[in-house]
Amino acid sequence: MQTIKGPALFLAQFIGEGAPFDSWDGITRWAADCGYLGVQVPTSDPRILDLALAGESQDYRDEFLGIARQNGVQVTELSTHLQGQLVAVHPAYDAGFDAFAPKALRGRPKARQDWATDQVARAIRVSRLMGLDRMATFSGALAWPYLYPWPQRAPGLVEAAFDTLAARWRPLLDLAEENGIDICYEIHPGEDLHDGVTFEMFLDRVDGHARANMLYDPSHYLLQQLDYLQNIDIYRDRIRMFHVKDAEFRPTGRQGVYGGYQGWADRAGRFRSLGDGQVDFGAVFSKLTQYGFDGWAVVEWECALKHPEDGAREGARFVRDHIIRVTPHAFDDFAASRPDRAAIDRALGL
């Protein structure tokens, strides 16, 4: 067992147009002031991290990491969620996901995919250059529009989708192996890797690749009504990253898991700030600690009701209160005696 590191904060939901959220110096100072010790960094906004420059310049990397340290936080991981999403996009979602790519690539799906793949590869290399050992991402999705099989799916459709997804990611996983980086897929609705079964389907197609791992976020499991504690028991050896995010599911006679096309505030299932939802984080932290999770507890704020800055400050305290400092000895050591073979034989009647 070991003590989980934290608290850390995923910065994606906080980057904005005004200070302190529009610069690396400002946002890291603010995160530290909220009580965070680490930050997980998106790679899609050059105001925060210029990915191309980070891959080329040791001076830039040193300055980037130095500003974080000076302001009281460390970089826990890089994130390629938006770029990973674009590695595989079903045409039904082209218009929506075009917003994640540079304007020159919009309306050009193959060029967008090539750009996204290159971005993920750059982030893998930069992660190594910054001394990190894991990276967060999304898998993208080709089969997601066919989730609910009506009309019936064509035989082989899902298999072909996962074969293609694996083929696109396999070179990136091999690159991650070369650089000593675990790719941690956030298991998330909207992605083809959205539960344990689909993760295993992908894992089979990449031959159980050692660098194909999970970002565990219990909020997404609660909203699917999946057993998020047993999930840790099953996948503990693949869980390499942890988003601490809360959610609640309150079905009614009018709506359930699918949410009736309602906005987040009016859905039966919705994300909440830490402590305001239904996730049993005492049990989550206990299981991860028991199984020796060696990463960071990273707050991801998403809430239909609470102001993000309040959620962030409360989240730092929440994580700090839930981290279990592991015991250096067994609780009954006070009653232990020194090994004595003769005493053992007597106790066994030998």
- Residues two or more places apart in sequence or in another chain: which of them pass salt bridge (Lys or Arg N to Asp or Glu O under 4.0 Å) with Lys5? none
Ignoring hydrogens, what is the shortest heavy-atom contact between [X] and [Y]? Give both atom names and the distance.
| X | Y | value |
| --- | --- | --- |
| Gln262 | Gln255 | CG-NE2, 4.0 Å |
| Ala316 | Cys34 | CB-O, 3.4 Å |
| Val89 | Arg168 | N-NH1, 4.4 Å |

What orientation do [X] and [Y] show, parallel under 30°, tilted 30 to 60°, or perpendicular over 60°?
| X | Y | result |
| --- | --- | --- |
| His90 | Tyr146 | perpendicular |
| His81 | Phe10 | tilted |
| Phe242 | Phe293 | perpendicular |
| Tyr93 | Phe97 | tilted |
| Trp24 | Phe64 | parallel |

Does a donor on one side chain and an acceptor on the other come within less than 3.5 Å for [X] and [Y]?
| X | Y | result |
| --- | --- | --- |
| Gln83 | Thr43 | yes |
| Asp195 | Thr198 | yes |
| Asp59 | Ser57 | no |
| Glu177 | His209 | no |
| Arg240 | Asn213 | no |

Is there a donor-acceptor pair closer than 3.5 Å between any side-chain N or O of [X] and the backbone N or O of [Y]?
| X | Y | result |
| --- | --- | --- |
| Glu186 | Phe138 | no |
| Arg47 | Gly16 | yes |
| Arg320 | Gly35 | yes |
| Asp246 | Gly277 | yes |
| Gln278 | Phe249 | yes |
| Asp182 | Arg211 | no |
| Gln224 | His194 | yes |

- Query: Cation-pi between Arg112 and Trp115: NZ/CZ under 6.0 Å from ring centre and within 45° of the ring axis?
  - Reply: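 So Arg112 doesn't make the cation-pi contact.
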- Which of Trp169, Tyr216, Phe199 passes ring-ring contact (aromatic ring centres under 6.0 Å, His included) with Tyr185? Answer is Trp169
- Hey, is CD on Gln152 packed in by over 12 heavy atoms from elsewhere, all under 6.0 Å? no
- same_hphob_cluster(Ile234, Met201) at 4.5 Å side-chain heavy-atom cutoff: yes
- Message: Apply side-chain hydrogen bond (donor to acceptor under 3.5 Å, both in side chains) to residues Asp276 and Ser273 and explain how you reach the verdict.
- Response: CA-CA 6 Å; Asp276 295 340; Ser273 286; 4.6 Å; no
